[in-house]
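Only heavy atoms go into these numbers, but all of them, side chains included; no hydrogens, no water, no symmetry mates. Numbers here are sequence positions counted from 1. Read the numbers this way: they start at 1 and go in the same order the structure lists the ligands and their atoms.
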Amino acid sequence: MKCISCGAEYDNMEIIYTCKECDSLLEVLCHAEVSRDIFACRKSTMWKYKEFMPVDHSHIVSLEEGGTPFCHCPQLGDELGIDLYVKVEGSNPTGSFKDRGMSVGITKALELGVSTVGCASTGNTSASLAAYAARAGLRCIVLLPAGKVALGKLAQAMFHGAEVVSVRGNFDEALETITALALKGELYLLNSVNPFRLEGQKSIGFEIVDDLGWKSPDRIVLPVGNAGNISAIWKGIREFHEAGFISDLPRMTGIQAEGAAPIARAVAKGRDDIVPVENPETIATAIRIGAPVSAKKALRAIYESDGMAETVADEEILSAQKLLARTEGIGVEPASAASIAGLIKIVDAGKIDKGEQIVCVVTGHLLKDPNTAINACTKPVEVDADVGALSRIINPA
Ligand SMILES: *Cc1c(COP(=O)(O)O)cnc(C)c1O
Ligand SMILES: [Zn+2]
């Protein structure tokens, strides 16, 4: 592992989350000498690219995550004047991309010989960690901000047997608390500050360029919360570029909710650090984060790739969520729809070239947050079991 700021290096078997010299973020160094042809005949999971997964391959903990749908979206794409693909991460085993990170993270936990894992979560991290910890036979502690977790995610974390603790406070405070516990050695922390999480999530980047026939799209658009995922995808794309598998690179475009947008605000000012948002607020609970841990890596990804960042209002998120569901049949949770909302906003502002090939990563499944979905619709009409009555409702005079 190497510090992204001072370059200090650490052994991969050391349990450490930030640099001991300067407290900055770590990244796992990964380099593989292989030909891309070896991937062709393998099963379509993220472990298809196992040479790029720097963990012990003898006891991989997997639920066959990755290999998610890569849907061409001509209806919505034509409306926007672009060539649009949507990477549907809700199709992972627990319904979000977090599974990719947890597969590597829990495999690493076994390699390290720990018995307890934990995380703070806005929901999906806890749902995923609970499932993978169960599969590995590890004790799992999760901290959730009280009253701010979507119903589906809470159900998953509890049902898979995690010890769920509700914190009076927001996500940032929950993360600070459990990080302190992890530093005392009481559990192995699997938030995205753990660089092995990002090693799994970089496979989203691998799959995008593989799905496009070993080509990079012009742009990758995704929601940004704690900012691990945008950093991970960029790392993956760079690794495939360095390996010679692709010759071009995409522009990384991060979308944040207006009430929780420290990274977009930093980009707007051209800064390479953030000012944390004290009380982050948005209906997109998965990105309701004021002090993104991986901000430094995310800003680097955006600047290095000549990308951009944008903010969207909750109403824009909800209408994009409905638009994607009704024009393309893809159901996603609010945070995921932020990528679509942001894309629409930058297209409308003329910040994107006509005809660009764009991949939107939609991060989690619609059913994660059933309450928001139901509240966005009108109630079903109730009718007697009678043909005439039904007919009058379907074809009103
Ligand atoms: C975790 C999550 C995000 C945010 O990802 P970061 O890596 O924290 O930026 C976005 N959408 C969904 C559905 C998530 O679960
Ligand atoms: Zn350092």
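For the side chain to side chain donor-acceptor pair (under 3.5 Å) criterion with Arg100, the lone passing option out of Glu65, Glu207, Gln201 is Glu207.
Legend: residues meeting side-chain contact (heavy atoms from CB on, under 4.5 Å) with Ala373, ordered by chain and number and at least two apart, are Leu366.
For Lys108 and Phe196, the positive end sits near the middle of the six-membered ring, less than 6.0 Å away and at most 45° from its axis.
Using a 30° and 60° split on the angle between ring planes, Phe240 and Trp214 fall in the tilted class, from 30° to 60°.
Among all heavy-atom pairs drawn from Thr311 and Lys345, the shortest one is O-NZ, 2.8 Å. The heavy-atom pair separating Arg135 from Leu63 by the smallest distance is CD-CD2, 3.3 Å.
When SG of Cys6 and SG of Cys19 are joined through the Zn ion (ligand 2), the resulting angle is 110° to the nearest 10°. With the Zn ion (ligand 2) as the vertex, SG (Cys3) and SG (Cys22) define an angle of 100°, rounded to 10°.
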Handout entry: Check against side chain to side chain donor-acceptor pair (under 3.5 Å), Arg288 and Thr282
Key = CA-CA 6 Å; Arg288 186 174 169 270; Thr282 168; over 6 Å; no
Are there any protein N or O atoms under 3.5 Å from the N or O atoms of ligand 1? List them with distances, or say none.
from: ligand 1; atom 1: 7 (O); to: Gly228; atom 2: N; distance (Å): 3.2
from: ligand 1; atom 1: 7 (O); to: Asn229; atom 2: N; distance (Å): 2.8
from: ligand 1; atom 1: 8 (O); to: Asn226; atom 2: N; distance (Å): 2.8
from: ligand 1; atom 1: 9 (O); to: Gly225; atom 2: N; distance (Å): 2.8
from: ligand 1; atom 1: 9 (O); to: Asn226; atom 2: N; distance (Å): 3.4
from: ligand 1; atom 1: 9 (O); to: Ala227; atom 2: N; distance (Å): 2.8
from: ligand 1; atom 1: 11 (N); to: Thr363; atom 2: OG1; distance (Å): 2.7
from: ligand 1; atom 1: 15 (O); to: Lys98; atom 2: NZ; distance (Å): 2.6
from: ligand 1; atom 1: 15 (O); to: Asn124; atom 2: ND2; distance (Å): 2.7

